[in-house]
There are 2 protein chains.
Amino acid sequence: MKRSFNVVQADLARTLEPFGLRMITFTALILIVDNPDLSQTQLASALTVERSNLVTIVDDLEGKGWIVRNPAPNDRRSHALRATREGHRMCERAVKAAREHEERLLAALGKAERETFIAALQTIERAKREEQDGTDGKL
Amino acid sequence: MKRSFNVVQADLARTLEPFGLRMITFTALILIVDNPDLSQTQLASALTVERSNLVTIVDDLEGKGWIVRNPAPNDRRSHALRATREGHRMCERAVKAAREHEERLLAALGKAERETFIAALQTIERAKREEQDGTDGKL
DNA sequence: TATTGTTATACTCTATAACTATA
DNA sequence: TATAGTTATAGAGTATAACAATA
């Protein structure tokens, strides 16, 4: 079961590599695109990554010109993260590739099977998260 | 989907911790119990771990007295790994705990849902593995 | 006093090369 | 010459502590 996932994960990583994206920067980019003006602390929490480790992730995306660290209007400590136009384009392309990858992956499954599979994953995750900490993922 | 798995994986790790087992040493112990006189190269391949990195894993289990490195009868270079009586007991207890953990985890799912889920995981893994390399896992 | 982003650091995991003793 | 186990080492990923600027 664990192994199944490593195989899948490595495969997705290979799919994203040509885009200059790692799994974590890919997810980060999506979150920033979908939630403009996100702060780094919020993003770190959504990715379940330490704030300190998020720095290099944001550096990476900023260095490629796909996001910018704007000054937050109300709090001068914090950054309001935004995807650039290029970032939006990049995100769209990468998401498309990831979807195609997923399609290829789930091709071995029937349609009903596939829906059950996805639903089951989400159910398990939600149950576990709620059991562990009272906090619920907002994003 | 990736996140679902991290949550589950971290949870299983916490279940095994009181036994002094990590995910990888747990799997290694099971394989040794089920396949006596396995060589380290065979075990490394089954775990998809480099031979060099397997050393510390075997050291760990041997240091706890749960397995032994016997001299292989036919090849003086290689080790025949065997679980001790204590190792067998430990394995049994840990497997039981892991099963209970899995039960708790899948409790949120219906029975049919559960079976579909497990089958789907295996189908996906098999499809991917066969696509990538001609080799099939023997163990 | 607490929080945001940041740096430095340590610890684990993983990957590669080289060594030894055998084959 | 090739293989089994081992060592050393370098690279990622991740976790913790401390700091400056700001709240």
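The chains referred to below are lettered A, B, ... by the order of the sequence lines, with proteins before strands, and numbering in each begins at 1.
Atom C1' of nucleotide dG13(D) and atom CG of D60(A) are separated by 14 Å, given to the nearest angstrom. Whole-Å rounding puts the I57(A) CD1 to dA15(D) P distance at 11 Å. At whole-Å resolution of the value, CG in N70(B) and C1' in dA4(D) are 16 Å apart. I24(B) places its CD1 atom 10 Å from the C1' atom of dC13(C), with the value rounded to the nearest Å. A straight line from CG of L43(A) to C1' of dT6(C) spans 15 Å, rounded to a whole angstrom. Rounded to whole Å, atom P of dT12(C) lies 15 Å from atom CG of D59(B). Between L47(A) atom CG and dG13(D) atom P the separation is 13 Å, expressed in whole Å. When the P atom of dC13(C) is taken as reference, atom CD of Q9(A) falls 16 Å away, rounded to whole Å.
Residues meeting the side-chain hydrogen bond (donor to acceptor under 3.5 Å, both in side chains) test with D75(B), sequence neighbours left out: R77(B). With sequence neighbours excluded, the residues satisfying side-chain contact (heavy atoms from CB on, under 4.5 Å) with S39(A) are T41(A), Q42(A), S78(A). Listed by chain and residue number, R69(A) satisfy the side-chain hydrogen bond (donor to acceptor under 3.5 Å, both in side chains) test with D59(A) (two or more places apart in sequence, or in another chain). Scanning for side-chain contact (heavy atoms from CB on, under 4.5 Å) contacts around T25(A) gives L21(A), R22(A), I57(A), D60(A), L61(A), with sequence neighbours left out. For the side-chain hydrogen bond (donor to acceptor under 3.5 Å, both in side chains) test, no residue two or more places apart in sequence or in another chain qualifies with E17(A).
An OP1 or OP2 oxygen of dT6(C) is reached within less than 4.0 angstrom by a side-chain nitrogen or oxygen of Q40(A).
Each end of the helix from dT1(C)-dA23(D) to dA23(C)-dT1(D) gets its own axis from five base pairs, and the two axes differ in direction by 10°, given to 10 degrees.
Minimum interatomic distance between A97(B) and T15(B) (heavy atoms only, all atoms of both residues): O-CG2, 3.9 Å. The shortest heavy-atom contact between I32(B) and A83(B) is CG2-N, 3.7 Å.
Applying the salt bridge (charged side-chain N to carboxylate O under 4.0 Å, His left out) test to pairs two or more places apart or on separate chains, none has a residue in residues 38-50 of chain B. A salt bridge (charged side-chain N to carboxylate O under 4.0 Å, His left out) check over residues 82-99 of chain B, counting only residues at least two apart or in different chains, returns the pairs D37(B)-R82(B).
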Readout for nucleotides 15-23 of chain C: B = base within 4.0 Å of protein heavy atom, S = sugar-phosphate only, - = neither; 5' to 3' it is BBB---BBS
